[in-house]
Number of protein chains: 2
Amino acid sequence: MRIGELSKATDVPVPTIKYYLREGLLPAGELTSPNQASYGEAHVRRLRLIRALIELAEVPVAQVKEILESLDSDTEPLHEQIGRAHRALTPTRRLTATDEARAAATAQVNELIERRGWTVEPEAPALATLVDTIAAMQTLGQAHLSEYLDAYAEAVEKFTELDIAAVSARPTRDQLAESVVIGTILGETLLSSLRLLAQESISAKRWGRG
Amino acid sequence: MRIGELSKATDVPVPTIKYYLREGLLPAGELTSPNQASYGEAHVRRLRLIRALIELAEVPVAQVKEILESLDSDTEPLHEQIGRAHRALTPTRRLTATDEARAAATAQVNELIERRGWTVEPEAPALATLVDTIAAMQTLGQAHLSEYLDAYAEAVEKFTELDIAAVSARPTRDQLAESVVIGTILGETLLSSLRLLAQESISAKRWGRG
DNA sequence: TGTCATGGATAGTATCAGTATCCATAAGCG
DNA sequence: CGCTTATGGATACTGATACTATCCATGACA
């Protein structure tokens, strides 16, 4: 397959494919002559994955590169691969809330983690986001939104068990890793849009139609 | 309060505040002379909200503006305000998947909506994202990830009921609207980081620590 | 044999979210 | 009163991101 056909197969413009090649997101095709390379099914699949991550999950190109490198390495532990996916999904936030609010939120989160018996590293990227979000809600006078944290956490555990169940059946380690990473990232998008749909439905019933 | 004090109170640089004023995110202060204005507590609150939406929830400035305008209008129906918040959270995706995959995904989603008795407009922004995500999963050979759609949907309904419960106690319509919008948007960030934390924990237990 | 596509390199563009600079005026201090 | 600093308002500039466009020498293929 030549670059033009790859472009047609995936609906990605040729200059964009060249850009991904330059950035190292997509491995080079096999050179059959100094200015001719051939691409295969693997390139089609990889390109589709790249586009899904960028367009659907809005993962920045630099992070996509990291994730793919991690997927391609068959020595990197699964747990570390998941960590990379998590970092790709976590905003690099700066401080937003007051110190008191942050302290209170930190305590609230720590208690939650202990109550649920979760094993979480203190540097987990999502931890800071969660603390900041709760602190922001508090600061904005919406502390009541985090009252249901335990109930949320319980529902979220169920999700995660489902994620694991969906993924554990994969036969090889490579396929498992790919499933986990795609599940982590696209699962985020899936869950988010499901939630919006449920909200839309309830909102329409409650307050809807003018 | 002058602009410098507003800046200190919120930890937002003066030029950034000026930028938000220019963009119409923040209402102008009360002019006490041609080059002197005074800002109040409302400006502090508004500025904190703006920063939470931009930094934590990664909502683009233009959408923040829309959301705030909608919040400030006391004639716009609540359901429409929620719609704006939803649009702010939905990526403006372009097509990613093959036509067959999209068709299958559309059918799957429609059946889900019918089974659950949801009321969803065909133009709901999250609908297209959900369809695209499922189609992408299918195309990437991860169709199994969407097998648990019903279970996800059920858990998500529970969330949404909690959201509604958390919010319904608000005394005035304005406060209700603010809660709903903040809950919709920051709730997304909250849920997402909770999910990542739960995943991290399970991943650490299953595959963790090298 | 001539037209078109290709690999590779380099340069340009659009958008976004601020930053920086300028100016005339005003506030606050000694 | 004078002097430094801050302010409102306008305009210009910056840095990051994700592409697009152009160029060139060569190669495919009709």
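With the nearest nucleotide of DNA chain D identified for both A:Y19 and A:T32, A:Y19 has the one nearer the 5' end. Each of B:E5 and B:R22 was matched to the nucleotide of DNA chain D holding its nearest heavy atom; the match closer to the 5' end belongs to B:E5.
Counting non-hydrogen atoms of other residues, nucleotides and ligands closer than 6.0 Å to CZ of B:R45 gives a total of 12 or fewer.
Regarding B:M1, its CE atom lies at a distance of 18 Å from the P atom of D:dA6, rounded to whole Å. Taking atom CD on B:E23 and atom P on C:dG18, their separation rounds to 10 Å, with Å as the unit. In this entry the distance linking CD of A:E58 with P of D:dA18 reads 11 Å, nearest Å. What separates CG of A:L26 from P of C:dG8 is a distance of 12 Å, to the nearest Å. Nucleotide D:dT26 holds its C1' atom 13 Å from the CG atom of A:L31, rounded to whole Å. Computed from coordinates, the B:D11 CG to C:dG18 C1' distance equals 16 Å when rounded to whole Å.
Counting non-hydrogen atoms under 4.0 angstrom, B:I54 reaches the backbone sugars and phosphates but no base.
By the 4.5 Å heavy-atom criterion applied to side chains, B:I50 and B:L68 are counted as neighbours. Under the 4.5 Å side-chain criterion, counting only non-hydrogen atoms from C-beta, B:V181 is not in contact with B:I82.
A pairwise comparison of heavy atoms in B:E188 and A:S192 identifies OE2-OG, 2.6 Å as the closest pair.
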Would you be so kind as to tabulate the donor-acceptor pairs closer than 3.5 Å made by side chains of residues 8-30 of chain B, with sequence neighbours excluded?
from  : atom 1 : to    : atom 2 : distance (Å)
B:T10 : OG1    : B:L6  : O      : 2.8
B:Y20 : OH     : B:R51 : NH1    : 2.8

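Of the candidate nucleotides D:dA18, C:dG18, D:dG9, D:dG9 has the atom nearest to the side chain of B:K18. Between C:dG7, D:dG9, C:dT19, one nucleotide has an atom nearer to the side chain of B:T16 than all others, and that is C:dT19. Of the candidate nucleotides C:dT19, C:dG18, D:dG8, C:dT19 has the atom nearest to the side chain of B:P15. Here the side chain of B:R2 is nearest to one of D:dA6, C:dG18, D:dG9, namely D:dA6.
A donor-acceptor contact closer than 3.5 angstrom links the side chains of A:R2 and A:Q36. B:T160 and A:Q199 share no donor-acceptor pair across their side chains, judged by distance under 3.5 Å alone.
A salt bridge is defined here as a Lys NZ or Arg NE, NH1 or NH2 lying under 4.0 Å from an Asp or Glu carboxylate O, and B:E178 with B:R170 fails to meet this definition.
The overall bend of the helix from C:dT1-D:dA30 to C:dG30-D:dC1, read as the angle between its terminal helix axes built from five base pairs each, is 0° when rounded to 10 degrees.
Of the residues in residues 35-42 of chain B, those with a non-hydrogen atom less than 4.0 angstrom from any atom of DNA chain C are B:N35, B:Q36.
In summary, the aromatic rings of A:F159 and A:Y152 are positioned with their centroids too far apart to meet the 6.0 Å limit.
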